[in-house]
S.K.: 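Mind having a look at this structure? Questions to follow.
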Amino acid sequence: MCRPARRDGAVEVELEPYRVELTGYCYRMLGSPFEAEDAVQETLVRAWRNRDRYDPDRAPLRAWLYRIATNICLDMLRGAQRRARAVDLGPAAGPGADLGPPLPESAWLQPVPDGRVLRLDGDPAEVAAERETIRLAFVAALQHLPPRQRAVLILREVLCWQADEVAGLLDTTVASVNSALQRARATLRATPPAEPYRPLDVKQRHLLARYCDAFQRYDVETLVSLLHEDATTSMPPFAWWRCGRAEIREMLRAAGNPCAGARLVPTVANGTPAFGQYRPAGDGTGYRPFALVVVTISAGLITELTTYLNADRLFPVFGLPAGLSREACPAGPHVQESRMFRSDDMTERHDYDSQS
């Protein structure tokens, strides 16, 4: 049956509301906010170009868009290297080990702002549950799955699609979908639990405030006291990482005071607290971006610190300033209190008191 063509503007308005959830899906598939954004843009372009071929009697618009996005992700993953965290690449470094050569960005699981991949205006319990599905450890575990198995698990377990809906999207059988799901679940059972990020939780706020204060004073003993006994620290793009409170203490002491004068700007990445770290500019005029530090918390202690050194790429994604003026950052060990702990530049802002 011939259907009347819809106006281009109406099509764009109809497609745009799916951008955030599609970005979340593609991010879990690809492990990179940059590749996820490219995949979603290509999805919407293809949908727009083929708008006259879409038949609502055959499938809902959402299912049609996910079918396009899935095919794009599977194409992008064909022959691609699995993205990983440093802890997945080899054993922890020993005392005195150097950082080694940097690995290309394509080797790394990259962080993403919550607001790019989650709708934050929904039920708080649902938002908290969705945050669990973008944690770095969970997304890293997904990367161990074959691409089609990965798609099955995300669609069934994260997005709650029915088996027959997934089978239709992947052009396979319900039995194949259920078998793939069973194998995927077995792979993900080893994913370590983490404490859900609660922006208004007093204990979490106090822990993070103590971390910020100790970090900016380079108080090694206080920093180490906030770590879990088996905490890890890493610095992509280097495969180097350390594990254990005693080992991290030794590493911090040996490093001298590389963070002297640093300032931290809070944000949120992958459902957990994060900070944009700024270091004094060489000309003394202010502070320049240095790294994005992602903090994982469990049982009231820090279990993982991941310091991403590609600040030039990540800070714009997180809406972090390209620099801080000296006037905005008077001397003293404090977080930028003019900022707020937030999920992205425009949504879910929470006051963050560094003196808690």
Side-chain angles (χ1 to χ4, degrees), residues 99 111 113 197 199 201-228 231-236 238 241-242 245 247-269 272-297 300-312 314-315 318-342 349-356:
L99 295 176
Y197 171 50
D201 182 87
V202 174
K203 290 182 179 179
Q204 284 192 3
R205 288 159 62 93
H206 183 62
L207 174 68
L208 293 169
R210 291 183 65 200
Y211 166 78
C212 292
D213 177 69
F215 179 90
Q216 294 181 141
R217 290 186 295 106
Y218 209 71
D219 181 345
V220 172
E221 291 307 313
T222 298
L223 278 172
V224 171
S225 73
L226 304 177
L227 302 179
H228 189 274
T232 63
T233 184
S234 60
M235 292 193 300
F238 300 100
W241 63 285
R242 298 298 299 269
R245 189 182 290 157
E247 288 76 8
I248 294 174
R249 176 192 285 111
E250 178 269 332
M251 179 270 295
L252 291 173
R253 289 202 176 281
N257 188 358
C259 301
R263 293 292 181 266
L264 298 176
V265 174
T267 184
V268 180
T272 62
F275 298 91
Q277 181 188 345
Y278 294 78
R279 289 189 175 182
D283 59 6
T285 57
Y287 301 83
R288 57 180 177 79
F290 177 73
L292 181 77
V293 184
V294 181
V295 182
T296 303
I297 299 171
L301 292 171
I302 295 170
T303 57
E304 185 174 0
L305 291 166
T306 307
T307 303
Y308 290 92
L309 299 179
N310 55 334
D312 58 328
L314 290 175
F315 275 38
F318 281 82
L320 290 165
L324 302 175
S325 67
R326 184 164 292 278
E327 293 74 20
C329 303
H334 65 280
V335 177
Q336 277 286 100
E337 293 185 88
S338 62
R339 302 281 295 187
M340 300 182 179
F341 235 124
R342 66 191 194 173
R349 299 193 173 192
H350 299 284
D351 292 331
Y352 183 74
D353 180 3
S354 66
Q355 305 300 321
S356 297

S.K.: Can you tell me which residue among T267, V295, T307 is in a side chain to side chain contact (heavy atoms under 4.5 Å, CB included) with F275?
M.R.: V295
S.K.: Could you pull out all residues at least two apart from R253 that satisfy side chain to side chain contact (heavy atoms under 4.5 Å, CB included)?
M.R.: V220, E221, R249
S.K.: Could you report the tightest heavy-atom contact between A231 and I248, atom names first, then the distance?
M.R.: O-CD1, 3.7 Å
S.K.: Please round to the nearest 0.5 Å and tell me the distance separating atom CG of L223 and atom CZ of R217.
M.R.: 8.5 Å
S.K.: Look only at the side chain of Y287 and the backbone of L264, and say whether a donor-acceptor pair between them is shorter than 3.5 Å.
M.R.: no
S.K.: CG of L305 to OG1 of T296: how many Å apart, nearest 0.5 Å?
M.R.: 8.0 Å
S.K.: Where is the tightest heavy-atom contact between T222 and A214, given as atom of each residue plus distance?
M.R.: CG2-CB, 3.7 Å
S.K.: Between Q277 (side chain only) and V293 (backbone N and O only), is there a donor and an acceptor less than 3.5 Å apart?
M.R.: no
S.K.: Is any side-chain heavy atom of L226 less than 4.5 Å from a side-chain heavy atom of L207?
M.R.: yes
S.K.: Under the salt bridge (Lys or Arg N to Asp or Glu O under 4.0 Å) rule, what pairs show up with a residue in residues 277-294, not counting sequence neighbours?
M.R.: none
S.K.: For the pair T233 (side chain) and R242 (backbone), establish whether a donor and an acceptor sit closer than 3.5 Å, ignoring hydrogens and angles.
M.R.: no
S.K.: Could you work out, with side chain to side chain contact (heavy atoms under 4.5 Å, CB included) as the rule, every residue matching P289, not counting sequence neighbours?
M.R.: Y278, A311, F315
S.K.: How long is the gap from CG on L208 to CD1 on I297, to the nearest 0.5 Å?
M.R.: 4.5 Å
S.K.: What heavy-atom pair brings Q216 and A262 nearest, and what distance separates the two atoms?
M.R.: OE1-O, 3.4 Å
S.K.: Take L292 and L320, measure what side-chain contact (heavy atoms from CB on, under 4.5 Å) needs, and give me the verdict at the end.
M.R.: CA-CA 10 Å; L292 181 77; L320 290 165; 3.9 Å; yes
S.K.: Can you measure from CZ (F215) to CZ (R263) and round to the nearest 0.5 angstrom?
M.R.: 11.0 Å
S.K.: To the nearest 0.5 Å, tell me how far E247 CD sits from W241 CH2.
M.R.: 10.0 Å
S.K.: For the CG atom of L309 and the CZ atom of F290, what is their distance to the nearest 0.5 Å?
M.R.: 5.5 Å
